[in-house]
Participant: 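The structure follows.
From a predicted model like this one, the values you see are computed outputs, not experimental measurements. Every chain is numbered from 1 and lettered A, B, ... according to where its sequence line falls, protein lines coming before strand lines.
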Amino acid sequence: MTIEAHNLTLARDGRTILAGLDFTAAPGQITVLIGPNGSGKTTLLSALAGDLRPQSGRITLGGTDIAGLSAPALAARRAVLAQETQVAFPFTVAEVLRLGIETRSHPSGAALMSRLLAEVDLHGMADRPYHALSGGERQRVQLARVLAQVHPAVTPQGPLWLMLDEPVSSLDIGHQLLVMDRARRFAAAGGGVIAVLHDLNLTAMVADQVLLLADGALLAKGRPAGVMTDARMSQAYRWPIRMNRAPDSGPFLLPQMAGAA
Amino acid sequence: MTASTLSFAPPRRLPPRRATWLLLALLVAVSALSLGTGAAGLPPTRLLAALAGHAPLTATEWLLLSEIRLPRLVTGLATGAALAVAGALMQGLFRNPLADPGIIGVSAGAGLGAVLAIVLGGLLPFGLAATAGPHLVPVAAFLGGLATTLLLARVAASGGRTSVATLLLAGIALAALAGAATGVLTFLADDRQLRDLTFWSMGSLAGAGWARIAAALPLILPAILLSPLLGRALNALTLGEAQATHMGIPVERVKRLAILATAAAVGAATAIGGGIGFVGVVVPHLLRLATGPDHRRLLPHAALLGGTLLVAADMAARTVAAPAELPIGIVTATIGAPVFLWILLRRRGLEGL
């Protein structure tokens with residue numbers, strides 16, 4: 001039940017954004033998309049979510065072309081966390097969360113709700129008005145909502161998928177780690193995670209597979225240690241970059257070292 | 001610290017079921033009062049006595065009740081319910097609490113359709129006007145409202161987002177255009193048509209009759225009864241079109257249905273009540289304050305409160321300057337416009353504006 005891209009090409013307004021991408025994302029793993037601004041990460045995630053139709057090539061989910069799946073069918077297989085979600089009416093945290101819970105007929109919605117709120121460190125906030133929350137709190141409410149949509153991580157129809165577009169962009173370091181830990185546990189439970197991340201250190205830490213995009217092309221794919229090399233990163237980000245290695249850990253990046261190569 | 005404590009307090013809301021019973025009770029009470037109010041003498045006490053079997057109604061009194069007050073009550077309930085539900089639908093669709101059929105030009109479009117039918121209906125070939133009979137004006141208003149709503153959705157939405165500023169500005173332009181066309185038509189109208197038009201453009205339930213009701217209800221009832229089915233989808237749309245799609249909502253179909261229901265409700269309401277504004281913005285707003293923004297409750301509650309409020313406004317219109325009658329549109333605007341401004345003040349700092 002993998003997600004596969006076959007020669008994926010996508011253009012918008014006559015401009016090619018993704019050119020001939022081939023890769024496989026496996027359930028049980030965290031696949032992270034990295035690359036400079038405008039390299040096509042968000043577009044790729046939208047295509048994988050089924051929002052954008054490729055000009056050529058295809059995306060398959062468990063062998064089925066997702067272009068043929070309806071919105072409800074896709075919603076039953078994957079949830080998507082957007083970069084930013086505005087709520088137009090004065091909903092409470094619980095009401096926003098319930099939108100996610102209602103996408104599936106969970107037998108114990110109330111229990112799931114309080115558990116999910118605790119998991120994103122928003123315990124006891126159910127009755128707060130959503131618009132009174134801080135940006136980071138809102139982001140975590142939305143994470144809880146999409147987690148409800150893909151709970152449990154594996155169904156009789158197969159593993160479910162969590163797609164995250166910059167899930168930690170407005171979070172402090174503690175909550176960044178909390179969110180990535182939650183994604184890790186979702187993958188450990190058998191689900192698949194595909195995330196766009198800007199933080200390369202976080203990527204090196206959590207990714208099972210890294211897809212390095214530059215100018216719409218897939219520059220490299222594989223384990224972080226193999227993909228995030230000095231040469232490839234410098235080429236992708238068009239700046240001399242030196243990767244470093246912490247003891248007993250994957251590669252990391254010190255912004256202070258950028259340009260010193 | 002007081003301010004932040006206040007803003008973080010959980011919203012105080014009525015339990016939905018209790019709200020439904022309250023609204024129903026209010027509807028019955030206001031309806032009963034309305035039946036007993038009017039220029040001719042038939043006070044509520046007289047009605048109560050008749051109901052209790054003490055003194056049966058005379059033939060004249062019965063005629064007054066069944067041919068004047070009852071159709072007027074039903075027209076008020078149907079018009080108010082239709083406008084309030086249409087308002088709630090548009091607000092959900094455009095993700096903004098200020099989208100009112102009157103403010104963004106849908107009522108003007110429906111009005112133009114109705115005026116076209118009143119003035120030029122006789123020119124239709126093949127005796128269409130005679131065949132359509134009382135249905136001609138509601139159907140024309142529905143088509144006018146539909147065309148306006150479709151145009152608005154087209155102009156204001158781009159890339160899955162609806163720009164509120166564009167929406168309101170497009171509404172102003174459309175209302176101006178419809179107003180100009182209506183103005184041209186008034187020049188073509190004869191004296192009788194002109195009197196119809198003038199009174200009708202300010203909104204009035206005075207012409208209420210069973211024939212008009214029968215022509216409008218086939219448009220209003222399905223819109224009101226079926227709209228709660230869109231509740232969950234509209235709730236999901238609150239987060240945005242992309243997010244709703246990700247949650248499995250067939251967004252394009254929902255938008256088409258909401259536009260169709262809005263046009264039907266506004267068209268029919270405009271055809272029987274004329275230019276009545278602000279019901280669609282005031283009613284859903286009050287309900288959101290009382291019971292929260294969940295559309296599954298908001299839409300049926302809006303029908304109840306919308307009908308009640310319009311009947312109450314009609315009573316005011318009949319009694320303030322008695323024995324003369326104010327156009328009801330003046331009453332709703334007098335109450336509604338300040339509420340609209342109040343919403344603007346309160347919503348500063350909230351998203352979506």
Participant: Distance check, rounded to the nearest 0.5 Å: B/Thr238 atom OG1 versus A/Gln86 atom CD?
Facilitator: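 Going from OG1 on B/Thr238 over to CD on A/Gln86, the span is 12.5 Å.
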Participant: Give the intermediate values and the outcome of salt bridge (charged side-chain N to carboxylate O under 4.0 Å, His left out) for residues B/Arg13 and A/Glu95.
Facilitator: CA-CA 13 Å; B/Arg13 290 177 182 170; A/Glu95 284 169 326; 2.9 Å; yes
Participant: How long is the gap from CZ on B/Arg232 to CG on A/Leu99, to the nearest 0.5 Å?
Facilitator: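 Atom-to-atom, B/Arg232:CZ and A/Leu99:CG are 8.0 Å apart.
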Participant: Hey, does the side chain of B/Arg95 reach the backbone of A/Phe89 with a donor-acceptor pair shorter than 3.5 angstrom?
Facilitator: no
Participant: With a 6.0 Å cut-off (strictly less than), is the heavy-atom count around CZ of A/Arg185, excluding the residue itself, greater than 12?
Facilitator: yes
Participant: Name the member of B/Ala244, B/Ala236, B/Gly248, B/Pro250 that forms the most heavy-atom pairs with chain A at distances under 4.5 Å.
Facilitator: B/Gly248
Participant: For B/Leu239 and A/Thr85, work out which heavy atoms get closest and say how close.
Facilitator: O-CG2, 3.6 Å
Participant: To the nearest 0.5 Å, what is the distance between CG (B/Asn235) and CD (A/Glu102)?
Facilitator: 7.5 Å
Participant: Answer yes or no: are there more than 12 heavy-atom neighbours, outside A/His198 itself, under 6.0 Å from its atom NE2?
Facilitator: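 Counting other residues, nucleotides and ligands, NE2 of A/His198 exceeds 12 neighbours.
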Participant: If you round to the nearest 0.5 Å, how far is CE of B/Met247 from CZ of A/Arg145?
Facilitator: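 Here the interatomic distance stands at 4.5 Å.
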Participant: Verify the neighbour count for atom CZ of A/Arg184: are there more than 12 heavy atoms of other residues, nucleotides or ligands below 6.0 Å?
Facilitator: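 Counting neighbours around CZ of A/Arg184, more than 12 heavy atoms of other residues, nucleotides or ligands fall under 6.0 Å, so yes.
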Participant: Tell me, side chain or backbone of B/Leu289 under 4.5 Å from chain A's heavy atoms, or both, or neither?
Facilitator: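 Neither part.
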Participant: Quick check for you: to the nearest 0.5 Å, what is the distance between A/Leu81 atom CG and B/His246 atom NE2?
Facilitator: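 Nearest 0.5 Å value for the CG-NE2 distance: 10.5 Å.
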